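Worksheet: the structure to be examined is printed underneath.
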Amino acid sequence: MSDDDDPDQAPGRPEKRGKARAAGRGGARGGARGGERAPPKPLDAAALERMALRYVERFATTRGRLTDYLGRKIRERGWDDGAAAAPADPAELAQRMADLGYVDDRAFAEQRAAAMQRRGLGARRVAGAFREAGIDEGDADSVAPAIADRAVESALAFARRKRDRALWQRRGRSKAPRQTARRDVEGGAPVRSGA
């Protein structure tokens, strides 16, 4: 039997996909092009709008993040809209998505602030997250009273988290039981069955 003969390979059948990749032949990326993908097509107005719709459908986002995403995609893929020489304005498209109700900066800010404060993060961290997400000052100011109302609850959550971590470290464990239980469920440790 030679090195090319494969006992699992029936005569006259094409090579298995995994072996083709291992040998450097065929497969999705290892074809005649030498592993290189074709460059993506340049964007036009319709493709950019489809990309924006897909992004807001998949992610809770802000106008600032959507604008950054669309601008990055235009830089990466280029612009080719035939008659229109200048690329579309990502900020204008993001504003149109906001006008249609697909993007709501204030709702995003409220949800993000509540989630961060449940984890025990303070008003300064929340304000930093707002700046990073591109939420304008008006929307951030409208959420500020709710952040102030939850300040005590946030501080208590932070103190509980720190206390729990310190207790488990004193007992010689590196992680709190919630973290080790999560690891067990995710497959980090075998789960007993039937006993």
Side-chain angles (χ1 to χ4, degrees), residues 17 21 26-158 161 178-179 182 186:
R17 187 174 181 173
R21 282 191 182 155
R29 294 186 185 181
R33 294 184 292 191
E36 295 179 19
R37 286 185 170 186
K41 295 179 185 176
L43 294 171
D44 58 359
L48 189 66
E49 187 166 347
R50 282 192 308 270
M51 194 173 282
L53 283 170
R54 181 159 170 90
Y55 188 79
V56 299
E57 147 190 335
R58 295 181 71 202
F59 303 107
T61 190
T62 63
R63 285 179 299 193
R65 282 188 177 172
L66 182 61
T67 300
D68 292 345
Y69 171 76
L70 295 174
R72 187 178 75 242
K73 289 300 178 182
I74 290 172
R75 282 191 308 275
E76 288 173 356
R77 294 180 59 177
W79 185 258
D80 181 32
D81 198 12
D89 183 22
E92 182 181 309
L93 184 55
Q95 182 60 45
R96 195 164 87 230
M97 293 291 157
D99 293 341
L100 292 171
Y102 297 138
V103 176
D104 186 357
D105 286 356
R106 182 175 179 171
F108 181 89
E110 290 171 353
Q111 292 171 358
R112 178 59 52 98
M116 291 179 78
Q117 288 192 305
R118 278 192 302 270
R119 291 189 347 233
L121 301 175
R124 286 177 54 186
R125 288 283 300 268
V126 172
F130 287 173
R131 282 190 300 277
E132 182 182 333
I135 296 172
D136 63 357
E137 291 295 321
D139 289 329
D141 291 342
S142 66
V143 178
I147 293 171
D149 291 343
R150 290 189 300 256
V152 172
E153 296 166 15
S154 177
L156 290 172
F158 180 76
R161 194 175 77 211
R178 181 183 294 158
Q179 292 170 327
R182 185 178 301 136
E186 290 175 354

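A quick note: this is a predicted structure, and the numbers were derived from the prediction, not measured. Only heavy atoms go into these numbers, but all of them, side chains included; no hydrogens, no water, no symmetry mates.
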Can a salt bridge be assigned to the pair [X] and [Y] using a cut-off of 4.0 Å between side-chain N and carboxylate O?
{"X": "Arg63", "Y": "Asp136", "answer": "yes"}
{"X": "Arg150", "Y": "Glu153", "answer": "no"}
{"X": "Arg72", "Y": "Glu76", "answer": "yes"}

Where [X] and [Y] come nearest, the two heavy atoms and their spacing:
{"X": "Phe108", "Y": "Thr62", "result": "CD2-CG2, 3.3 Å"}
{"X": "Phe130", "Y": "Ala140", "result": "CD1-CB, 3.8 Å"}
{"X": "Ala113", "Y": "Val143", "result": "CB-CG1, 4.2 Å"}
{"X": "Leu48", "Y": "Ala88", "result": "CD2-CB, 3.9 Å"}
{"X": "Gln117", "Y": "Ile147", "result": "NE2-O, 3.1 Å"}
{"X": "Thr67", "Y": "Pro90", "result": "O-CB, 3.7 Å"}

With side chains defined as the heavy atoms from C-beta onward, is the minimum distance between [X] and [Y] less than 4.5 Å?
{"X": "Pro42", "Y": "Arg77", "answer": "no"}
{"X": "Ile135", "Y": "Arg112", "answer": "no"}
{"X": "Tyr102", "Y": "Leu53", "answer": "yes"}
{"X": "Asp44", "Y": "Asp80", "answer": "no"}

Inset, instruction - Show your reasoning for whether side-chain contact (heavy atoms from CB on, under 4.5 Å) applies to Met97 and Glu49. - result: CA-CA 9 Å; Met97 293 291 157; Glu49 187 166 347; 4.2 Å; yes
Inset, instruction - Mind jotting down which residue pairs meet the ring pair (Phe, Tyr, Trp, His ring centres under 6.0 Å) criterion with at least one end in residues 40-62? Sequence neighbours excluded, please. - result: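 Sorted result for residues 40-62: Tyr55-Phe59, Tyr55-Tyr69.
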Inset, instruction - Enter the distance from Met51:CE to Leu66:CG here, rounded to the nearest 0.5 Å. - result: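 Here the rounded value is 11.5 Å.
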Legend entry - Criterion salt bridge (charged side-chain N to carboxylate O under 4.0 Å, His left out) on Arg96 and Glu92, from CA distance to verdict: CA-CA 6 Å; Arg96 195 164 87 230; Glu92 182 181 309; 5.3 Å; no
